[in-house]
Amino acid sequence: MSQETFAIKSDPALWEKLDMDVERFSNMPPMLTGAYQGIFLEQKNRPQAMVYFDSMIENIFTGRIQEMVDAKEEGRPVVGTFCVYVPEEIVQAVNGVCVGLCGGSPGSIPDAEKILPRNICPMVKSAFGFKVGRICPYFQVVDFVYGETTCDAKKKTWELLNDYVPTHVMEIPQMKRERDKKLWIEEVKDFKAEIEKISDKKVTFENLQGAIRVLNDKRRAMQRLNSLRHHNPSPISGKDMLLIQQIAFYDTPQRFTEKVHELCDELESRIEQGNAVAPSSTPRIMVSGTPMALPNWKLHNIIETSGAVVVNEESCIGTRYYKDTIDENAQTIDEQLERLTERYMQIDCSCFTPNDERIDQVLNEYKTSGAQGLIDYCLQFCHTYNIEAVKLRQMCEKEGIPFLAIESDYSPEDVGQLQTRVEAFIEQIQG
Ligand code: BJ8
């Protein structure tokens, strides 16, 4: 797609219907168009199949929203989530729509700061601000949202968010002992009961089995894509990979899976032909840490405009979302729910203690991605990831891995300073 033809579409009538602040929101598509053109469309030699993902951005405030409105009109539930611990297979089982609502924009933070304290995580503030300012069509379209108790900022914000949109909360334990698993299964069952109530449809063995396959297929497609991008020289940029992993949270799973496989087929031929986005001598960086919700492209843009390529994201908008699948051999619905819970328990978020499996996972991904340096990214005020960076640093020192820890928010103010630190890090790797 050329820069001249690309433009994020507007639909004020649709936004009006969703009770948005239309006047204010109308500035958003042109602003995002400009950012997207500069960050994505100016890249050289992008895979042809990225056209689909560009179109998902073009239609982010229109076509995809309309699909969700249509789903609601057909009586299908539309559920907003903020965490990869909320089991989307159960929403899929009743033919519902699941959409990730984490906020990645500085534009909604002033709205949030009128109510919330300033010194909490920008992802929470951004999401909350989108709702209170009525400037996110996804927040406006959902029937309800499902929060969780992973971190303090989120769990206390849900109490306030409930004044603006029905907010349910799933308790996620903070340890992974046998007794925690029992609690977790009960929480999954409560979630299922809630989804059944809102959709007026039963989750059965058959529809859950179908949903597990759909989501397993999606995760397998993303695993395939991520292992292809590990090839040196890289057949796709880290920015494009981040984008695809962000789109995974609002596209329909079946269509997304199909398009990811089309891209994988193209990447396979690019690898065969030696057609890469950067020469094999380009420094290869892996990023770990807190998720980067749309449109947070800040760090990837800094790294890739500094002459390196990002080759892996150990993040919930990254491998933590798709590294594990659910065992499909259950014989009863209770077994299915147990297998499902076991899969979700393998996600190694820093809100757990102890969480040493994440350190091992980061090392494993570092090795398989052929990275030459690790940048740990932590959103400001995220204490659990920030403290876990200590263990990552220790692991990197032991393994001789170049390591840089970055703490940042969504404001553009620290871009210059980050650029200097990233450039010095890349020089260190090259040296
Ligand atoms: S499983 S990473 S999606 S909780 S960055 S809001 S933790 S203060 S996003 Fe997350 Fe689930 Fe964990 Fe993943 Fe709080 Fe930290 Fe902010 Fe965070």
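A quick note: this is a predicted structure, and the numbers were derived from the prediction, not measured. As the structure lists them, so they are numbered: ligands from 1, and atoms in each ligand from 1.
- With ligand atoms numbered from 1 in the order given, ligand 1 contributes 5 (S), 6 (S), 8 (S), 16 (Fe) to contacts under 4.0 Å with heavy atoms of Cys121.
- In summary, the aromatic rings of Phe61 and Phe25 are positioned with their centroids under 6.0 Å apart.
- Ranking protein heavy atoms by distance to atom 12 (Fe) of ligand 1, first place goes to Cys349 SG, 2.3 Å.
- Using a cut-off of 4.0 Å between Lys/Arg side-chain N and Asp/Glu carboxylate O, Glu338 and Lys181 are scored as salt-bridged.
- Applying side-chain contact (heavy atoms from CB on, under 4.5 Å) to Ile236 and the options Leu228, Val311, Val309, Ile244 leaves one that passes, Ile244.
- When hydrogens are left out, the protein atom nearest atom 11 (Fe) of ligand 1 is Cys83 SG, 2.3 Å; that is the closest non-hydrogen contact.
- A salt bridge between Arg213 and Asp327 is absent, with no side-chain N of the basic residue lying under 4.0 Å from a carboxylate O of the acidic one.
- Only the side chain of Cys316 comes within 4.0 Å of ligand 1, counting heavy atoms alone; its backbone N, CA, C and O stay farther away.
- With Trp184 as reference, Tyr85 is the one residue of Phe191, Tyr85, Tyr344 to meet the ring-ring contact (aromatic ring centres under 6.0 Å, His included) rule.
- Atom numbering of ligand 1 starts at 1 in the shown order; those under 4.0 Å from a heavy atom of Pro291 are 2 (S), 9 (S).
- Inclusion of Cys382 in the first shell of atom 16 (Fe) of ligand 1 is not supported: no N, O or S atom falls under 2.8 Å.
- Taking the centre of each ring, Phe82 and Tyr146 stay at or above the 6.0 Å mark.
- Which parts of ligand 1 touch Tyr85 is read off a 4.0 Å heavy-atom cut-off, strictly below it: atoms 1 (S).
- Residue Arg320 has at least one heavy-atom neighbour below 4.0 Å for each of these atoms of ligand 1: 2 (S).
- Contacts of Lys154 with ligand 1, taken as heavy-atom pairs under 4.0 Å, involve the side chain alone.
- Proximity of Cys351 to ligand 1, defined as any heavy-atom pair under 4.0 Å, is not found for any part of the residue.
- The side-chain heavy atoms of Ile406 and Cys378, taken from C-beta on, include no pair separated by under 4.5 Å.
- Among the atoms of Cys151, an N, O or S atom falls under 2.8 Å from atom 14 (Fe) of ligand 1.
- Annotation: atom 9 (S) of ligand 1 to nearest protein heavy atom, Met123 CE, 3.2 Å.
- One finds a salt bridge joining Arg64 and Glu67 here, because a Lys/Arg side-chain nitrogen approaches an Asp/Glu carboxylate oxygen to under 4.0 Å.
- Regarding atom 2 (S) of ligand 1, its nearest protein heavy-atom neighbour is Tyr385 OH, 3.2 Å.
- Heavy atoms of His383 come nearer than 4.0 angstrom to ligand 1 in no pair at all.
- If you look at Val124 next to ligand 1, the close heavy atoms, those under 4.0 Å, all belong to the side chain.
- Looking from atom 4 (S) of ligand 1 to the surrounding protein, the closest heavy atom is Thr150 OG1, 3.3 Å.
- Between Arg24 and Asp111 there is a salt bridge, since at least one side-chain N of the basic residue sits less than 4.0 Å from a carboxylate O of the acidic one.
- At a threshold of 4.0 Å, the pair Arg118-Glu113 counts as salt-bridged, since one of the basic side-chain nitrogens sits closer than that to a carboxylate oxygen.
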